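Below, each value reflects all heavy atoms present in this structure, side chains not excepted, and no hydrogens, waters or symmetry copies. Below, chain A is the first sequence line, B the second, and so on; all start at residue 1. Small disclaimer: the values here were computed from a predicted structure and weren't measured.
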Amino acid sequence: MPEGHVLHRLALAFGELFGGHVVEVSSPQGRFAAGAELIDGWRLVATDAHGKHLFLGFAPPDAGVASEAARGEATGAGEYIALAQQGPGAEPAGLRWLRVHLGLYGSWTFDGDPEFHAPHSIGAPRRRVGEEERGLPSREAPSADGDGWQVPEPRGQVRARLVVGHGVADLTGPSACEIVDVAAKHAVHARLGPDPLRADGDVEDFVSRVRRRRRPIGDLLMDQSIIAGVGNIYRAEALYRARVHPWRLGVNVPPARLREIWHDLVALMTDGMDTGEIVTTDPHDRREENDHWYVYHRSGKPCLRCDSTIVEDLMANRRVFWCPREQRRPPRRAQA
DNA sequence: TTTCCATGAGAAT
DNA sequence: TTCTCCTGGAAAT
């Protein structure tokens, strides 16, 4: 159940660990065999993330990066383009893109030798917050006589496996894993709203998309065509921090408050991208060290700020949490 | 051992 | 609105 910060974190990790390298791509499970064949032995030259979609751009191993913009930036080993961090216009043409959506249970697990920095698993379901991101221990510890790291056997249903000389990334349980061309990639971008973690994320775009809808703000924040990357935790926490009731209609939330929510999400999700975990509580509000959230999964417990009992309800079949005192009810609740 | 559930989203009804 | 799919950890039995 990774939210957008995880995908951006993954895009950065893939750039650092695989960027510029020729990658061996396979599908141990078999369900991605045809797609893997299309990029097996190709070079990772670009990464991108938008909302909960991860894109890895591959070029033929001996081709330079096609576009003018990319020249000199992604031609040698270890070099690549991180598109989410750049403005529009830097996208190389002619790449084959691996598009991955982790859905409910997808995760990437990394392993590698000590040179392959930071083996870790990102996006794994049910990860307890605060738990250190940690990968599988290498099966083969480096030994004194020069035996190096060995690629471990796939563990579980590995849909896709990416291998470079010094490390491996295994993908399990994605809801989407496919090879797309640049046109299909652009179609994905087109149906997504602005992403607080992208360089081209535009707060006014977000505001105007929300203000057009007579739907609860809690529902709109989960709609990827309104704002991309926000999931159930960031939705609940951002509304709490802005003191907005989840059922207030988007059209009734003042633009200034929406801007506040956006900028708060930029800060919270950037922190999540940097640390790998979602922490939304201010330090002085924490009563225990692991009080990472104000309302998410805290129904029945006291509000960290006012001691009111946190409540929950279903909104579009997803649990939504709020504090009835910090987030006052709207004058009239939206009809379910 | 089995059941339940989850940071998701698209299709079917 | 309900169903469905992908997986695995925790809770329930």
Side-chain angles (χ1 to χ4, degrees), chain A residues 1-10 27-33 35 49-54 99-109 121-136 154-161 170-178 180 184 187-188 191-193 195-197 215-216 218-240 246 265 268-273 275-281 292-299 312-322 334-336:
Chain A
M1 305 63 109
E3 304 194 17
H5 67 295
V6 168
L7 286 303
H8 283 270
R9 186 171 171 80
L10 281 165
S27 178
Q29 175 203 51
R31 290 184 49 181
F32 182 57
H50 190 159
K52 297 164 187 170
H53 298 253
L54 170 70
R99 180 183 76 92
V100 172
H101 193 300
L102 294 177
L104 258 178
Y105 337 103
S107 72
W108 283 97
T109 300
S121 174
I122 301 182
R126 316 291 307 203
R127 174 181 302 288
R128 291 176 62 190
V129 166
E131 181 181 356
E132 191 181 355
E133 280 184 1
R134 204 168 44 202
L136 308 172
R155 184 167 164 275
Q157 297 287 309
V158 175
R159 181 81 56 88
R161 160 165 276 196
D170 282 341
L171 171 66
T172 59
S175 64
C177 175
E178 62 172 355
V180 298
V188 172
R191 65 181 161 84
L192 293 173
D195 179 340
L197 290 179
R215 279 163 53 200
D219 194 17
L220 294 172
L221 287 181
M222 292 281 281
D223 184 334
Q224 300 299 300
S225 72
I226 303 292
I227 180 171
V230 174
N232 209 2
I233 299 179
Y234 283 124
R235 176 261 294 267
E237 297 296 303
L239 288 175
Y240 173 90
L265 282 167
L268 291 174
M269 294 175 74
T270 298
D271 181 67
M273 179 175 67
T275 64
E277 55 186 44
I278 301 178
V279 177
T280 61
T281 48
H292 287 177
W293 303 324
Y294 287 107
V295 291
Y296 180 79
H297 271 195
R298 293 197 70 246
S299 41
E312 72 168 276
D313 201 350
L314 281 179
M315 177 183 282
N317 263 346
R318 305 297 301 278
R319 293 163 78 187
V320 62
F321 306 82
W322 72 94
Q335 302 304 312

Give the rounded distance in Å between these two atoms: [atom1] of [X] and [atom2] of [N].
X	N	atom1	atom2	answer
A:Leu102	C:dT7	CG	C1'	12 Å
A:Leu104	C:dC5	CG	C1'	9 Å
A:Trp293	B:dA6	CH2	C1'	11 Å
A:His50	B:dG8	NE2	C1'	16 Å
A:Arg155	C:dG8	CZ	P	8 Å
A:Leu314	C:dT2	CG	P	10 Å
A:Asn232	B:dA6	CG	P	9 Å
A:Ile233	B:dA6	CD1	P	12 Å

Between the protein and nucleotides 10-13 of chain B, are there any N/O to N/O pairs under 3.5 Å, and if so, what are the atom names and distances?
unit_1 : atom_1 : unit_2   : atom_2 : d
B:dG10 : OP1    : A:Arg191 : NH1    : 3.2

Worked check of side chain to side chain contact (heavy atoms under 4.5 Å, CB included) between A:Thr172 and A:Thr109: CA-CA 8 Å; A:Thr172 59; A:Thr109 300; 5.6 Å; no
OP1 or OP2 of [N] under 4.0 Å from side-chain N/O of [X]:
X	N	value
A:His101	B:dG8	no
A:Arg159	C:dC6	no
A:Arg31	C:dC6	yes

Please determine, for the side chain of [X], which listed nucleotide ([options]) has the closest atom?
X	options	answer
A:Tyr296	C:dC6, B:dA6, B:dA9	B:dA6
A:Gln224	C:dC6, B:dA6, B:dA9	B:dA9
A:Lys52	C:dT7, C:dT2, B:dA9	B:dA9

Touch class at under 4.0 angstrom, heavy-atom based, for A:Arg235 against every strand present: nothing
Sugar-phosphate only, base, or nothing, as touched by A:Gln29 at under 4.0 Å among non-hydrogen atoms: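 The residue A:Gln29 makes sugar-phosphate contact but no base contact.
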A:Asp195 side chain to A:His8 side chain, donor-acceptor N/O pair below 3.5 angstrom: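 Side-chain D/A pair, A:Asp195 to A:His8: present.
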A:Arg155 and A:Val158, any side-chain heavy atoms less than 4.5 Å apart: no
Pairwise P distance, B:dA9 and C:dG9 [rounded to whole Å]: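 Rounded to whole Å, the distance is 22 Å.
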Distance between C1' atoms of C:dC6 and B:dT1 (Å, rounded): 23 Å
Qualifying residues under side-chain contact (heavy atoms from CB on, under 4.5 Å), relative to A:Met315, sequence neighbours excluded: A:Pro216, A:Asp219, A:Arg235, A:Pro246, A:Trp247, A:Val320
For A:Arg319, salt bridge (Lys or Arg N to Asp or Glu O under 4.0 Å) partners two or more places apart: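 Partners of A:Arg319 under the salt bridge (Lys or Arg N to Asp or Glu O under 4.0 Å) test: A:Glu312.
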Mutual orientation of the aromatic rings belonging to A:His297 and A:Phe321 [parallel < 30°, tilted 30-60°, perpendicular > 60°]: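 Taking A:Phe321 first and then A:His297, their aromatic rings stand perpendicular (interplane angle over 60°).
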Considering all heavy atoms, the nearest A:Thr280-A:Leu268 contact: CA-CD2, 4.0 Å
Minimum-distance pair of heavy atoms, taken over all atoms of A:Ile227 and A:Pro196: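 Scanning both residues completely, I find the closest heavy atoms to be CD1-CG, 3.8 Å.
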